Amino acid sequence: MGKKLIVGNWKMHLTMQEASLYLHKLMKMISSHRDVETVVAPTILTLQSLSLQVNRRLIKLAAQNCYWRDYGNYTGEVPAAHLRGLVDYVIVGHSERRYVFQERDRDIRLKVQAALRNHLQPILCIGETLQEKTLGETADALHDQLLSGLANVTADEFDRIVIAYEPVWAIGTGESANPADVRRAIKTIRRQIQQLFGKKASTEVRILYGGSITVEKASDYLRIDGIDGLLIGGASLDAYQFIDIIEKAHNSNREGK
Ligand code: PEP
């Protein structure tokens, strides 16, 4: 039973002071479980100070986004090159980036490459829209997003990629995908990875689910065959709930042994 990866996406919440207090609380209360890796993704502004505060043996940091060029005249952007050393992971292609900020497949592909070039681990988010789900096109949507997001990634680089299956219609809506559908989507993703990078890569790649996970729902999703962890938005904003989910990840590993 592999280590579970639990990632909290704070989105545009928690001020500098709130984020620091949260991290303080989390580090005080979290139990160090060898079988769970905990990551939080705060706003970009707080990353510098949190990176000085965090005990990286307990908690790792992720950026919620990055720009793909390493420097230049790109007002308002933060390059992956500047995140190097501050964070271990960077979320790429989150549905809010794709659909609120109109990021295109090309942007996402270049961001994956920028993250890899700068020694960060990309968490590549993919998932179908409600329309694609209704039309029975989930597998096609996943296939296209994987193919495009991972174009030009070498087999060696692929070792550092994490995939998050995040149905667009389930993000921040309170509606989660049916666990049987999540299991099917994970199988589809592994099959596609096998075609792109081979059998070993397809069994070893870490695949997370994200979409309206709560403390109550977490165990059902952590038990899904082939799942390696969860990407959590809303429920990660409360340190106590986030810790409960981490404990559930630890317990699910023990049950699975
Ligand atoms: C997310 O932001 O990736 C997410 C899964 O959000 P929520 O848990 O709020 O649906």
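Every number for a ligand or one of its atoms is a count from 1 in the order of the listing. Because the structure is a prediction, the values reported are computed rather than measured.
- Closest approach of Ala63 to Val87, counting heavy atoms only: N-CG1, 3.9 Å.
- Of all protein heavy atoms, the one closest to atom 1 (C) of ligand 1 is His94 NE2, 3.2 Å.
- A donor-acceptor contact closer than 3.5 angstrom is absent between the side chains of Glu77 and Trp68.
- Partner of Tyr89 under the side-chain hydrogen bond (donor to acceptor under 3.5 Å, both in side chains) criterion, out of Lys60, Glu37, Arg160: Glu37 alone.
- Under 4.0 Å from ligand 1, heavy atoms of Ile171 appear from its side chain as well as its backbone.
- Inclusion of Gly211 in the set of residues having an N or O under 3.5 Å from an N or O of ligand 1 is not warranted.
- Across all their heavy atoms, Gly226 and Ile186 have their closest contact at O-CG2, 3.6 Å.
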With a 3.5 Å cut-off and sequence neighbours excluded, list the donor-acceptor pairs that the side chains of residues 19-31 form with protein atoms.
residue: Ser20; atom: OG; partner: Gln53; partner atom: OE1; Å: 3.0
residue: Tyr22; atom: OH; partner: Ser236; partner atom: O; Å: 2.5

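- Note on Lys187 versus Asp225: no salt bridge recorded, every NZ/NE/NH1/NH2 to OD/OE distance being 4.0 Å or above.
- Among Lys217, Glu166, Gln64, the residue whose heavy atom lies nearest to atom 3 (O) of ligand 1 is Glu166.
- Nearest to atom 9 (O) of ligand 1 by heavy-atom distance, out of Ala41, Ser236, Gly234, Ala235, is Gly234.
- Atoms of ligand 1 lying under 4.0 Å from any heavy atom of Leu231, numbered from 1 in the order shown and given with element: 3 (O), 5 (C).
- For ligand 1, the atoms sitting less than 4.0 Å from at least one non-hydrogen atom of Ser212 are 7 (P), 8 (O), 10 (O), numbered in the order shown with element in parentheses.
- Of the protein's non-hydrogen atoms, the one nearest atom 4 (C) of ligand 1 is Gly233 N, 3.5 Å.
- Contact atoms of ligand 1 toward Gly172: 7 (P), 9 (O), 10 (O) (distance under 4.0 Å to a heavy atom of the residue).
- Residue contact annotation: Ala170 has a non-hydrogen atom under 4.0 Å from ligand 1.
- Ionic pairing of Arg184 and Asp181 is present here: one or more N-O contacts between side-chain nitrogen and carboxylate oxygen are shorter than 4.0 angstrom.
- For Arg97 and Phe101, the positive end sits near the middle of the six-membered ring, less than 6.0 Å away and at most 45° from its axis.
- Ligand 1 has an N or O atom lying under 3.5 Å from an N or O atom of Asn9, backbone or side chain.
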